[in-house]
Amino acid sequence: QVQLEVSGGGLVQAGGSLRLSCAASVRSGAIYAMGWFRQAPGKDREFVARISRTGSLVDYADSVKGRFTISRDNAKNTVFLQMNNLKPEDTAEYYCAADSRDFGTRSTRWWAYWGQGTQVTVSS
């Protein structure tokens with residue numbers, strides 16, 4: 001079983017930055033592929049970024065490419081999402097996800113474990 005603890009959301013002005021963290025509690029010590037997703041009111045949950053178990057592979061949604069950076073610290077079982085140059089359209093509840101396979105996919109249905117959401121609000 002995996003438990004995911006998400007932190008770092010908040011309110012920021014357009015052009016600002018936030019850093020989200022997701023700490024994974026894993027009984028077996030296994031390392032998981034990790035992903036970030038977001039859901040705005042009235043919209044489906046959508047892919048934001050993912051990172052492979054070793055961190056050698058990363059993938060971003062086109063809407064955040066060049067502004068967001070996903071990274072991980074496997075010694076601490078933590079994944080990060082650095083969000084720069086935030087825009088009002090980035091406003092959403094952000095979720096962390098994990099799975100035992102190597103890299104995952106962009107589909108929300110693929111991921112086995114989900115953390116609680118953290119709200120990110122970007123004002124114009």
Side-chain angles (χ1 to χ4, degrees):
Q1 287 293 341
V2 178
Q3 291 185 321
L4 303 174
E5 184 72 26
V6 180
S7 60
L11 173 65
V12 64
Q13 288 188 329
S17 298
L18 284 174
R19 190 192 197 204
L20 306 183
S21 299
C22 176
S25 298
V26 183
R27 287 197 308 173
S28 65
I31 295 174
Y32 288 69
M34 304 289 286
W36 288 99
F37 294 78
R38 66 187 182 187
Q39 187 168 16
K43 295 188 176 181
D44 292 335
R45 191 170 297 187
E46 65 175 9
F47 166 76
V48 175
R50 58 183 170 133
I51 187 167
S52 63
R53 289 188 295 176
T54 63
S56 60
L57 297 173
V58 295
D59 181 32
Y60 299 95
D62 288 345
S63 59
V64 307
K65 199 172 293 183
R67 300 187 298 119
F68 290 13
T69 302
I70 189 171
S71 61
R72 67 187 301 157
D73 181 344
N74 282 347
K76 298 180 180 180
N77 270 342
T78 301
V79 65
F80 306 98
L81 186 68
Q82 178 66 44
M83 304 185 293
N84 298 329
N85 190 22
L86 282 159
K87 303 176 180 181
E89 51 263 42
D90 294 318
T91 295
E93 191 86 359
Y94 282 71
Y95 296 88
C96 173
D99 198 274
S100 59
R101 287 167 282 191
D102 185 59
F103 190 30
T105 72
R106 293 184 171 197
S107 172
T108 59
R109 290 177 288 182
W110 189 90
W111 299 81
Y113 306 101
W114 291 86
Q116 86 284 5
T118 187
Q119 179 67 37
V120 171
T121 303
V122 185
S123 62
S124 57

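Between Thr54 and Phe103, the closest side-chain pair of non-hydrogen atoms is not below 4.5 Å. Between Ile51 and Val79 there is a side-chain heavy-atom pair separated by less than 4.5 Å. Looking at heavy atoms from C-beta onward, Asp90 lies in side-chain contact with Arg38 at the 4.5 angstrom threshold. Phe68 is not listed as a side-chain neighbour of Asn85, based on a closest heavy-atom distance of 4.5 Å or more. In this structure the side chain of Val26 reaches within 4.5 angstrom of the side chain of Tyr32, judged on heavy atoms.
Looking at Asp59, Ile70, Val64 one by one, the single match for side chain to side chain contact (heavy atoms under 4.5 Å, CB included) with Val48 turns out to be Val64.
Leu20 and Met83 make their closest contact through CG-CE, 3.7 Å (heavy atoms, listed as atom of the first residue, atom of the second, distance). The shortest heavy-atom contact between Leu81 and Ala49 is CD1-CB, 4.2 Å. Residues Gly104 and Ala33 share a closest heavy-atom pair of N-CB, 4.2 Å. Leu4 approaches Ala24 most closely through the heavy-atom pair CD2-CB, 3.6 Å. Here the closest heavy-atom approach between residue Gly115 and residue Tyr95 is recorded as O-CD2, 3.6 Å. For the pair Pro88 and Ala14, the tightest heavy-atom approach, listed with the atom from each and the gap, is CD-CB, 4.1 Å.
Applying the 6.0 Å contact sphere to CD of Gln3 captures no more than 12 heavy atoms from other residues, nucleotides or ligands.
A cation-pi arrangement is absent between Arg101 and Trp111, since the terminal nitrogen or guanidinium carbon is not both under 6.0 Å from the aromatic centre and inside a 45° cone about the axis. Geometrically, Arg45 engages Trp114 in a cation-pi contact defined by less than 6.0 Å to the ring centre and at most 45° from the axis. The cationic atom of Arg19 (NZ for Lys, CZ for Arg) lies less than 6.0 Å from the six-membered ring centre of Phe80 and within 45° of the ring axis.
Residue Arg50 holds its CZ atom at 11.5 Å from OH of Tyr60, rounded to the nearest 0.5 Å. To the nearest 0.5 Å, atoms CZ (Phe37) and CG (Asp44) are separated by 12.5 Å. Atom OG in Ser100 sits 7.5 Å away from atom CZ in Arg53 (nearest 0.5 Å). Atom CE of residue Met34 and atom SG of residue Cys96 lie 3.5 Å apart, to the nearest 0.5 angstrom. The SG atom of Cys22 lies 10.0 Å from the CG atom of Asn77; values are rounded to the nearest 0.5 Å. The CD atom of Gln1 lies 12.0 Å from the OG atom of Ser25; values are rounded to the nearest 0.5 Å.
Checking Ser17 against Asn84 by side-chain atom types alone, a donor-acceptor pair falls below 3.5 Å. Side-chain atoms of Thr105 and Ser107 form no donor-acceptor pair, as typed in the model, at a separation below 3.5 Å.
Considering only residues two or more places apart in sequence or on other chains, Gln119 meets the side chain to side chain contact (heavy atoms under 4.5 Å, CB included) condition with Thr91, Glu93, Thr121.
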Passes side-chain contact (heavy atoms from CB on, under 4.5 Å), Leu18 versus Leu86? Steps please.
-> CA-CA 8 Å; Leu18 284 174; Leu86 282 159; 4.1 Å; yes
Check against side-chain contact (heavy atoms from CB on, under 4.5 Å), Ile31 and Arg72 | CA-CA 11 Å; Ile31 295 174; Arg72 67 187 301 157; 3.4 Å; yes
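A single hydrophobic cluster is not seen to contain both Tyr94 and Phe47; linkage of ILVMFWY side chains at heavy-atom distances under 4.5 Å, directly or through other members, places them apart.
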